[in-house]
Amino acid sequence: MWFLHPDCMRRVHDICNAPLVESLAYVFPQKLKRLKADMKIWNQLVFGNVYVRLKQAQLRLESALRVADEDPSDLHKHNLMKEATVEVSDVRMQLETMLKQKSRNKWLVDEDSNTSFFHNTIRIRMSSNTISELIDDNGDTITDCDQIKDLAVNYFENNGDASVPVNSLFDIDHPIISVEESNHMDHLPSIEEIHEVVFNLGADSAPGPDGFTGFFYRHCWEIIREDLVSASIFCWFNKFVLHGVNSSLLLLFPKERAANTLRNFRSIWLSNFFFKIFTKILAARLGSVLGNLVSEEQVAFMKGKNIHENISFALEMVNELQIKRKDGNVGLKLDITQDFDTVS
C-alpha cells in the first residue's frame with residue numbers, strides 16, 4: 001500500500017542514503033531499523049485510518065458532484081469533481097491492497113477486486129489463528145488468556161528438544177560429492193545469486209519481526225542492493241548471522257480443525273526476509289547435489305517429485321494386503337513425531 005504513494009520511494013531513498021556510523025556488516029540492519037521507525041510515523045500521518053479516509057473522500061466527492069451539477073459550465077467546479085473522483089479511486093485502491101495483503105491470498109490475480117472476499121478471508125484467518133481455549137493434562141478447559149499462555153510455555157519447555165548438536169557431524173566427507181561441488185557449497189554468494197533469490201522468494205509472504213516483506217526488497221532493490229549484498233557477503237564469510245537478523249516470530253499452527261490440545265499444534269517460525277536469503281541460497285545449492293545423498297525412495301526431498309507419489313504407492317500396497325501370499329502379509333502404521341513438533 002505504501003508504494004502506491006508517490007512520495008514513498010523518495011523517503012526510502014533519503015533514509016537509506018543518509019550517513020550511518022557503523023561497521024560494514026551492521027549498516028544494512030541498522031538502516032532497516034531506522035527506516036521502519038520513520039515509515040511508521042509517515043504511515044500514521046499520510047495513510048492513517050484508510051476506512052475513515054475513504055468515507056471522507058466519498059463525502060467530498062458527493063459534495064463536488066452537487067456543486068458541479070449546479071453550474072455545468074463552470075470549469076473550476078468540474079476540475080474539483082475530477083480531483084475528488086481521483087482521490088476516491090486512490091484511497092479505494094489503497095484499501096483493496098491492504099485487505100489483499102492481510103488476507104494472504106496468493107491465487108487471486110492482481111486485476112481482480114473483491115473487498116468482501118478479502119474481508120471474509122481475513123475473518124476466517126483470524127478465527128483459525130485465535131486460540132480461544134485449551135484442554136490441559138487434567139482434562140480441564142482453560143479459556144483465560146494468561147492461563148493459556150502459561151500452559152503453552154510450560155508445555156514446550158517440558159517437551160522441547162534438549163539434544164546438543166555434535167560438531168563432528170559437520171566434518172564428514174561424502175565421497176560421492178566431488179571437490180568442485182563441495183567448494184561450490186561454500187563460495188561467497190554473488191550479486192546475481194542474491195538478486196535471483198530475492199526475486200524468487202514470495203513477495204507477500206508473512207514478514208518476520210522487522211516487518212519488511214519480499215515486495216519491499218523487490219521494489220527497492222536498486223536502493224538497498226549495495227548494502228544488502230555487503231551484509232550478506234560479510235555474514236557468509238564470517239559464518240554467522242548478525243544479531244536481530246535471525247530473529248523470528250514463534251507461532252502455533254493447528255494440525256487439525258478445532259484443535260484444543262497443544263500436541264495438536266505445530267510450532268512454526270516467521271523469519272525476517274533477510275535471513276531467508278541465506279536459507280534459500282543454501283537450499284538451492286544443496287538441491288544440486290541432493291540426488292547423490294538420498295535414495296530414490298525419499299521422494300519428499302527430491303526436486304521435481306511430490307510426496308503424494310509415496311502416499312499413492314502406499315495406498316496401492318494396502319489394497320493388495322488381501323491377496324494371499326506364501327509367507328503372509330503384514331502392514332505397519334508408525335506415528336513418528338516430527339522435528340518441528342517440538343521447540344528447542
Side-chain angles (χ1 to χ4, degrees), residues 1-17 32 34-130 199 201-208 210-224 273:
M1 182 178 69
W2 290 351
F3 294 106
L4 297 176
H5 196 278
D7 194 44
C8 179
M9 292 299 295
R10 183 193 62 80
R11 296 188 67 89
V12 174
H13 181 273
D14 293 343
I15 295 173
C16 290
N17 288 311
L32 287 184
R34 185 174 59 184
L35 177 62
K36 179 180 179 180
D38 182 86
M39 296 300 284
K40 280 185 176 180
I41 300 175
W42 179 73
N43 176 67
Q44 295 175 357
L45 297 176
V46 176
F47 293 97
N49 191 319
V50 184
Y51 294 96
V52 175
R53 290 179 53 240
L54 179 60
K55 185 65 176 179
Q56 294 174 348
Q58 290 174 341
L59 292 176
R60 285 192 291 269
L61 175 60
E62 293 176 1
S63 177
L65 288 173
R66 288 194 298 267
V67 173
D69 291 340
E70 295 175 356
D71 187 4
S73 61
D74 192 329
L75 184 60
H76 177 68
K77 295 179 180 180
H78 188 69
N79 290 335
L80 291 178
M81 182 194 66
K82 286 185 176 181
E83 292 176 359
T85 304
V86 173
E87 182 184 6
V88 171
S89 178
D90 292 341
V91 178
R92 184 178 287 116
M93 180 64 69
Q94 294 171 4
L95 177 61
E96 293 171 358
T97 304
M98 182 187 69
L99 293 177
K100 182 176 181 180
Q101 186 175 8
K102 285 186 176 182
S103 68
R104 296 283 184 262
N105 186 278
K106 297 182 181 299
W107 58 266
L108 193 64
V109 297
D110 294 338
E111 288 76 14
D112 288 339
S113 174
N114 193 335
T115 55
S116 61
F117 169 78
F118 294 145
H119 276 294
N120 292 332
T121 304
I122 293 172
R123 283 195 291 266
I124 293 173
R125 287 187 64 253
M126 292 180 62
S127 176
S128 61
N129 292 340
T130 301
F199 283 82
L201 286 170
D204 292 326
S205 59
D210 63 2
F212 291 99
T213 63
F215 188 81
F216 165 79
Y217 281 75
R218 293 186 185 184
H219 208 75
C220 303
W221 170 255
E222 296 298 331
I223 300 175
I224 66 175
F273 189 88

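Scanning both residues, Met81 and Ala68, for their nearest heavy atoms gives SD-CB, 4.2 Å. Nearest approach of Val88 to Ala57, heavy atoms of both residues: CG2-O, 3.3 Å.
No side-chain donor-acceptor contact under 3.5 Å links Asp38 to the backbone of Arg34. In this structure a side-chain-to-backbone donor-acceptor pair under 3.5 Å is missing from Ser63 to Leu59.
From His78, atom NE2 reaches atom CG of Leu65 across 10.5 Å, with rounding to the nearest 0.5 Å. Between Glu83 atom CD and Arg60 atom CZ the span is 11.5 Å, to the nearest 0.5 Å. Rounding to the nearest 0.5 Å places CG of Leu61 at 13.5 Å from NZ of Lys82. How far CD1 of Ile15 is from NZ of Lys36: 14.0 Å, rounded to the nearest 0.5 Å. From Leu80, atom CG reaches atom OG1 of Thr85 across 10.5 Å, with rounding to the nearest 0.5 Å.
Partners of Phe216 under the ring pair (Phe, Tyr, Trp, His ring centres under 6.0 Å) rule, at least two apart in sequence or in another chain, are Phe212.
Proximity of Val91 to Gln58: side-chain heavy atoms (C-beta onward) are nowhere separated by under 4.5 Å. The side-chain heavy atoms of Leu54 and Arg92, taken from C-beta on, include a pair separated by under 4.5 Å.
Around atom NE2 of His219, more than 12 heavy atoms belonging to other residues, nucleotides or ligands sit under 6.0 Å away.
Note on ring orientation: taking the six-membered ring where Trp is involved, the planes of Tyr217 and Phe273 are tilted (angle from 30° to 60°).
With respect to Arg10 and Asp7, a salt bridge is recorded, a charged nitrogen being found less than 4.0 Å from a carboxylate O.
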